[in-house]
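Everything on this sheet refers to the single structure shown next.
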Amino acid sequence: MELSKWWVMTRVDLHLHLLPGVDDGAPDEATALEHAARMAADGVHVATVTPHVGSPFFDTVVEEIAERTSALQRALDREGIALRVEAGGEIYPGAAVGLSARQLDVIAHGPSNARWVLAEVPFAGVDAAFADSLAEIRAKGFGIVIAHPERATGLLTDGGLARLRPALQDGAVLQVNACSLLGRQGPEAQDAARRLIRARLAYIIASDGHPGTRSHTLAAGEPAALQAGASSAQVVQLTQANPRFLLRHGLPRVDTPLPLRADGLRHARAAARRLRPGVRG
Ligand SMILES: [Fe+2]
């Protein structure tokens, strides 16, 4: 697929259960293609597919994700659906301990000096064990996008955000769900999501779409973010510029000098500037 014409002006969804037949997302290819067509119609032309990884509820085989993603891309191209997908995964809380660096790399994104993975919070609340698991991912050489922190019970009322502070200081960023902003994951998640947006602590919005059961696309998050108090420029950052930046430039560690070549160092410095807490807008 020719990407260039979509790359500059597209919404980019970095959390999406589009891969058919692997978890509680799309049950089959037809459902995945139907959702993908909806995404393209909504101006979402680039996405990572992020099946649950390490979850006790699903048997996702990490080593199969790349080929399954390629098969989905071939089906998208065959059907003329303007969507480019990249292999990814959503790491179950605590599961990173059991994943090798090679397995993490299968579901990671960004250039080699700034690879990052998506890790979901425990719904019961951010605890010390989760903070330790984030440190484990970091120690294996990967940056972290923390998926839907607003869904962790007590994030803003019981010290959850404070327990994420070491990871955030280490360069992790927060991803808020469009469906949380829409109120579909309960009032506490909605309130926390809106406050993360207003406080400019969220770096990106993603759909966390589950074709067949959660049919909204990333585009639905934009009016919801505006309603939460974001400026229109901030919304563009959250759904377009920032996720695009993460795919292209990655998520470098911000507190430790990296042994990079000159070009890579410039990238890292540019990334650090862009990745300071909050978004400009
Ligand atoms: Fe998810």
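The figures here come from the full heavy-atom set of this structure, side chains too, leaving out hydrogens, waters and symmetry mates. As the structure is a computational prediction, the values presented were derived from the model and not from experiment. Read the numbers this way: they start at 1 and go in the same order the structure lists the ligands and their atoms.
Ion pairing between R74 and E67 holds under the 4.0 Å rule for side-chain N and carboxylate O. Salt bridge annotation for R11-D42: absent, with no cationic side-chain nitrogen under 4.0 angstrom from a carboxylate oxygen.
Within E90, the N, O or S atom lying nearest to the Fe ion (ligand 1) carries the name OE1. Of all N, O or S atoms in D208, the one lying closest to the Fe ion (ligand 1) is OD1. Of all the N, O or S atoms in H15, the one closest to the Fe ion (ligand 1) is NE2. Looking at H17, its N, O or S atom nearest to the Fe ion (ligand 1) turns out to be NE2.
For F142 and H109, the gap between ring centers reaches or exceeds 6.0 Å. Taking the six-membered ring wherever Trp is involved, the centroid distance between the rings of H17 and H52 falls below 6.0 Å.
The Fe ion (ligand 1) has no N, O or S atom of E120 inside 2.8 Å of it. Here H148 does not reach the Fe ion (ligand 1): none of its N/O/S atoms is less than 2.8 Å from the metal.
When all heavy atoms are compared, the tightest approach of L134 to A119 is CD2-CB, 4.1 Å.
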